[in-house]
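Here's the structure, in structure tokens; my notes come after.
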Amino acid sequence: MHIDFDEVLPVPPAAVFDYFRSPTEWPRLYGAFGEVRDLGHGWIAVPLAGDYPDLEARLTSLELDRHAAWDLRGTFAGRGRVDLAPEGDGTRVTGFEEVVVAGLDDPAADDRIRKGFAAIWKSGWDRLRDEAER
């Protein structure tokens, strides 16, 4: 599954970057579904909604207010990246997330999971837009 990002958000890059500085901050972006856990060696377990297993993530690259990249392992293996650039009074966020679901060989289930991940990302972008309006 591959999801591309190209969003313009009405907040400065530093405000967007705060959500990507560590996987421990990700629940602030899309809403908390439980407590994050430190798995050691930089790996963080990030709870997902419903009966999905935790997302296990660690940062692989970080540049203050400009860029974050991560790896995923476990049930949801893959990688992702966001790049932040000032645009007008806000920030353009570009990037992607690629995820392979372990043991999944069902196109319908893969599509359902892709839609779920896309909805999580959309809720995060909407949350940032809503916070800017406050």
Side-chain angles (χ1 to χ4, degrees):
M1 143 180 66
H2 183 95
I3 300 170
D4 285 311
F5 313 128
D6 189 358
E7 301 285 333
V8 177
L9 304 170
V11 295
V16 178
F17 184 79
D18 271 350
Y19 292 93
F20 291 99
R21 69 178 57 250
S22 168
T24 61
E25 300 301 319
W26 295 357
R28 291 179 45 230
L29 182 64
Y30 60 74
F33 299 116
E35 296 295 320
V36 299
R37 295 183 334 275
D38 185 336
L39 301 174
H41 304 288
W43 289 99
I44 305 293
V46 182
L48 297 175
D51 59 356
Y52 290 113
D54 290 348
L55 190 69
E56 295 183 17
R58 76 171 173 186
L59 292 179
T60 58
S61 178
L62 199 62
E63 186 178 344
L64 185 65
D65 298 341
R66 301 199 56 181
H67 161 83
W70 56 91
D71 282 340
L72 304 171
R73 72 175 187 188
T75 301
F76 303 108
R79 63 194 179 105
R81 173 187 181 112
V82 291
D83 293 295
L84 313 176
E87 182 160 315
D89 291 335
T91 303
R92 179 172 291 275
V93 180
T94 56
F96 67 91
E97 190 166 59
E98 292 176 347
V99 179
V100 175
V101 182
L104 184 66
D105 191 23
D106 177 355
D110 185 64
D111 187 55
R112 186 180 77 249
I113 292 169
R114 184 192 58 75
K115 287 178 181 175
F117 271 69
I120 287 170
W121 280 106
K122 182 182 180 318
S123 73
W125 306 136
D126 289 348
R127 181 178 304 255
L128 282 164
R129 287 183 181 97
D130 290 346
E131 286 180 9
E133 291 177 6
R134 290 183 206 151

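Index from 1, following the sequence. As the structure is a prediction and not an experimental result, all values here were calculated from the model.
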Do you know the tightest heavy-atom contact between [X] and [Y]?
| X | Y | value |
| --- | --- | --- |
| F20 | L62 | O-CD1, 4.0 Å |
| R28 | D18 | NH1-O, 3.6 Å |
| V11 | L128 | CG1-O, 4.1 Å |
| R129 | P10 | CG-CD, 3.8 Å |
| I44 | D38 | CD1-CA, 4.1 Å |
| P13 | G90 | CD-O, 4.3 Å |

Quick one, [X] and [Y] - any side-chain contact, counting heavy atoms below 4.5 Å?
| X | Y | answer |
| --- | --- | --- |
| F76 | P53 | yes |
| P23 | V36 | no |
| L72 | L55 | yes |
| M1 | V100 | no |
| T94 | V82 | no |
| E87 | T91 | no |

Taking a hydrophobic cluster as the set of Ile, Leu, Val, Met, Phe, Trp and Tyr residues connected by side-chain heavy atoms closer than 4.5 Å, whether directly or through intermediates, do [X] and [Y] fall within one such cluster?
| X | Y | result |
| --- | --- | --- |
| V8 | I3 | no |
| V99 | L39 | no |
| L29 | Y52 | yes |
| V93 | Y19 | yes |

* Go through the steps to decide whether R127 and D130 satisfy the test salt bridge (charged side-chain N to carboxylate O under 4.0 Å, His left out), and finish with yes or no. => CA-CA 5 Å; R127 181 178 304 255; D130 290 346; over 6 Å; no

* **Worked check of salt bridge (charged side-chain N to carboxylate O under 4.0 Å, His left out) between D54 and R37** => CA-CA 10 Å; D54 290 348; R37 295 183 334 275; 2.5 Å; yes

To the nearest 0.5 angstrom, please state how far the [atom1] atom of [X] sits from the [atom2] atom of [Y].
| X | Y | atom1 | atom2 | value |
| --- | --- | --- | --- | --- |
| E131 | D126 | CD | CG | 11.5 Å |
| I120 | K115 | CD1 | NZ | 15.0 Å |
| E7 | L84 | CD | CG | 12.0 Å |
| E56 | R73 | CD | CZ | 4.5 Å |

* Asked: In terms of heavy-atom contacts, does CG of D4 have more than 12 from other residues, nucleotides or ligands at under 6.0 Å?
  ->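 Yes, CG of D4 has more than 12 neighbouring heavy atoms, counting only those of other groups under 6.0 Å.
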
* Asked: Would you find more than 12 non-hydrogen atoms of other residues, nucleotides or ligands less than 6.0 Å from R66 atom CZ?
  ->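 Counting other residues, nucleotides and ligands, CZ of R66 stays at 12 neighbours or fewer.
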
* For F5, which of W125, F117, F96 qualifies under ring-ring contact (aromatic ring centres under 6.0 Å, His included)? ->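 Exactly one option meets the ring-ring contact (aromatic ring centres under 6.0 Å, His included) with F5, and it is W125.
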
* Test of ring centre spacing under 6.0 Å for Y30 and W121 ->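 Here the rings of W121 and Y30 have centres that are no less than 6.0 Å from each other.
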
* Determine, for W70 and R81, whether the Lys NZ or Arg CZ falls below 6.0 Å from the six-membered ring centre while staying within 45 degrees of the axis. =>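 Geometry flag: not set, cation outside 6.0 Å or 45°.
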
